[in-house]
Visitor: 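I'd like to ask you about the structure that follows.
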2 protein chains.
Amino acid sequence: MKNYVRDKRMSFGMTQDELSEKLDVSRQTIISLEKGKYNPSINLAFKLSKLFKCTIEDIFIYEEDEKDV
Amino acid sequence: MKNYVRDKRMSFGMTQDELSEKLDVSRQTIISLEKGKYNPSINLAFKLSKLFKCTIEDIFIYEEDEKDV
DNA sequence: TTATATTGTCAAGCTTACTTTACATTTTAT
DNA sequence: ATAAAATGTAAAGTAAGCTTGACAATATAA
């Protein structure tokens, strides 16, 4: 799954630390997401979409044939 | 988080067993989702949205003050 | 250059999504 | 009423998301 977390974060002029605090998750979680180490929980995906004022689908791009299922 | 999995499934005339097979998850997972025992992974949420031809937001309703975070 | 901010890595541990199996209850059809 | 289909429950185990802490590397600024 591809994602635009880093792009969105930067377009909002936020640091990983600021983002993690606003979302109430650890900075590690943000790093891992941006680096594509794993997918977010649906709760975190929703939090991101609310904060970035867009849909989950705007941030996360699902690829039909995901190997990481 | 509220969800309309059961409603969507029934509107498609499918059984839990059929749905679980199409999504490649266990029937238990469907039961647990419909019963609200836990939230789906974002992967499963995407699979459901594709199958039901709608958005994740159409199926799962995020409540700002989720206690289950 | 030196300090400071920001980003990144590693590892151990916890929580929760999900699986599997086996069986019980409810619904639908004959 | 009986059988079959569909739904539900319980429990133990695996996998993945997330945390914490400590420290390394890179970028930005004075």
Side-chain angles (χ1 to χ4, degrees):
Chain A
M1 178 153 352
K2 183 181 176 182
N3 79 68
Y4 294 103
V5 174
R6 194 184 194 95
D7 293 339
K8 293 281 186 183
R9 171 175 65 79
M10 296 188 108
S11 76
F12 275 71
M14 302 172 67
T15 65
Q16 293 177 337
D17 208 46
E18 289 169 341
L19 179 57
S20 72
E21 281 179 358
K22 290 208 177 182
L23 298 173
D24 199 37
V25 294
S26 69
R27 189 170 63 87
Q28 253 316 308
T29 295
I30 303 300
I31 292 175
S32 297
L33 277 187
E34 292 190 356
K35 288 266 158 185
K37 295 205 174 165
Y38 51 64
N39 299 322
S41 65
I42 194 171
N43 254 306
L44 181 49
F46 263 116
K47 283 185 183 179
L48 282 160
S49 75
K50 299 294 182 190
L51 183 59
F52 291 149
K53 300 188 188 308
C54 60
T55 66
I56 288 177
E57 290 83 353
D58 284 333
I59 309 175
F60 298 93
I61 310 303
Y62 180 69
E63 285 128 4
E64 295 293 341
D65 53 341
E66 301 259 336
K67 331 126 215 356
D68 52 4
V69 179
Chain B
M1 178 152 353
K2 184 181 177 183
N3 79 70
Y4 294 102
V5 174
R6 193 183 195 96
D7 294 339
K8 292 281 185 183
R9 171 174 65 79
M10 297 188 106
S11 77
F12 275 71
M14 302 173 67
T15 65
Q16 292 177 338
D17 209 45
E18 290 169 341
L19 179 59
S20 72
E21 281 178 359
K22 291 209 178 183
L23 297 173
D24 198 38
V25 294
S26 69
R27 189 170 62 87
Q28 252 319 308
T29 295
I30 303 300
I31 291 176
S32 297
L33 277 187
E34 292 190 356
K35 289 267 159 184
K37 295 204 177 167
Y38 51 64
N39 299 323
S41 66
I42 194 170
N43 254 306
L44 182 49
F46 263 116
K47 283 184 181 177
L48 283 160
S49 75
K50 298 294 182 190
L51 183 59
F52 292 150
K53 301 189 188 305
C54 60
T55 66
I56 288 177
E57 289 83 354
D58 284 333
I59 309 175
F60 298 94
I61 311 303
Y62 180 69
E63 285 129 5
E64 294 293 343
D65 53 342
E66 302 259 336
K67 330 128 214 356
D68 52 4
V69 178

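All values below were derived from every heavy atom in this structure, side-chain atoms included, with hydrogens, water molecules and symmetry-related copies excluded. Below, chain A is the first sequence line, B the second, and so on; all start at residue 1. Since we're looking at a predicted model, the values are computed, not measured.
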Visitor: Give the rounded distance in Å between these two atoms: CD1 of I31(B) and C1' of dT25(C).
Guide: 12 Å
Visitor: Kindly work out whether a path of hydrophobic side-chain contacts (I/L/V/M/F/W/Y, heavy atoms less than 4.5 Å apart) joins F12(A) to I56(A).
Guide: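 Yes, one cluster joins them.
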Visitor: Over how many whole Å does the gap from M1(B) atom CE to dA17(C) atom C1' extend?
Guide: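 Distance, rounded to whole Å: 13 Å.
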Visitor: Rounded to the Å, how far apart are D17(A) CG and dT7(C) P?
Guide: 8 Å
Visitor: Are any non-hydrogen side-chain atoms of F60(A) and L48(A) less than 4.5 angstrom apart?
Guide: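 In contact.
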Visitor: Closest-nucleotide mapping onto DNA chain D: is E18(B) or K37(B) further toward the 5' terminus? I mean the 5' end.
Guide: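 That would be E18(B).
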Visitor: List every contact pair, protein side and nucleotides 19-23 of chain C side both N or O, where the distance is under 3.5 Å.
Guide:
from    : atom 1 : to     : atom 2 : distance (Å)
dT19(C) : OP1    : S26(B) : N      : 3.2
dT19(C) : OP2    : S26(B) : N      : 2.8
dT19(C) : OP2    : S26(B) : OG     : 2.7
dT19(C) : OP2    : T29(B) : OG1    : 2.1

Visitor: Over the length of the helix from dT1(C)-dA30(D) to dT30(C)-dA1(D), how much do the five-pair end axes diverge, rounded to 10 degrees?
Guide: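 The two end axes of the helix from dT1(C)-dA30(D) to dT30(C)-dA1(D) meet at 50°.
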Visitor: Minimum heavy-atom separation for N39(A) to M1(A), with atom names?
Guide: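 Closest heavy-atom pair between N39(A) and M1(A): OD1-CB, 3.5 Å.
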Visitor: Can you tell me how far C1' of dT15(C) sits from CG of N39(B), to the nearest Å?
Guide: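 Spelled out: CG on N39(B) to C1' on dT15(C) is 13 Å.
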Visitor: Pick one: which of E21(B), M14(B), Q16(B) meets side-chain contact (heavy atoms from CB on, under 4.5 Å) with I30(B)?
Guide: Q16(B)
Visitor: Output the rounded distance in Å from CG (L33(B)) to P (dT16(C)).
Guide: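 Computing the L33(B):CG to dT16(C):P distance gives 16 Å.
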Visitor: Could you please name the option among dT9(C), dG8(D), dC18(C) that lies closest to any side-chain atom of E34(B)?
Guide: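 Closest nucleotide among those given: dG8(D).
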Visitor: Does anything in residues 3-16 of chain A reach DNA chain D, meaning a heavy atom under 4.0 Å, and if so which residues?
Guide: none
Visitor: Give, for atom NZ of K47(B) and atom NZ of K50(B), the distance between the pair rounded to the nearest 0.5 Å.
Guide: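 The distance works out to 13.0 Å.
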Visitor: Can you name the closest pair of heavy atoms from R9(A) and F52(A) and give their distance?
Guide: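 The pair with the smallest heavy-atom distance is N-CZ, 3.6 Å.
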Visitor: Looking at S41(B), I'd like to know whether one of its side-chain N or O atoms comes within less than 4.0 Å of OP1 or OP2 on dC18(C).
Guide: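 Answer yes for this pair, as a side-chain N or O of S41(B) is under 4.0 Å from OP1 or OP2.
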Visitor: If you round to the nearest 0.5 Å, how far is CD1 of I59(B) from OG of S49(B)?
Guide: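 Output value for this atom pair is 5.5 Å.
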Visitor: How long is the straight-line distance from CG of N43(A) back to CD1 of I42(B), given to the nearest 0.5 Å?
Guide: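 The distance works out to 11.0 Å.
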Visitor: Whole angstrom is fine here: how far is it from CG in L23(A) over to P in dG17(D)?
Guide: 17 Å
Visitor: Parallel, tilted or perpendicular: which describes the rings of F46(B) and Y62(A), with under 30° parallel and over 60° perpendicular?
Guide: parallel
Visitor: Would I31(B) and R27(B) count as a side-chain contact (heavy atoms from CB on, under 4.5 Å) if you check the C-alpha gap in whole Å, the side-chain angles of each, and the deciding distance to 0.1 Å?
Guide: CA-CA 6 Å; I31(B) 291 176; R27(B) 189 170 62 87; 3.3 Å; yes
Visitor: Check for a donor-acceptor pair, side chain of S20(A) on one end and backbone N or O of D17(A) on the other, with a separation under 3.5 Å.
Guide: yes
Visitor: Tell me: CZ of F46(A) to P of dG17(D), nearest whole Å?
Guide: 17 Å
Visitor: Rounded to whole Å, please give me the gap between CG in N43(A) and P in dT19(D).
Guide: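 N43(A) atom CG is separated from dT19(D) atom P by 12 Å.
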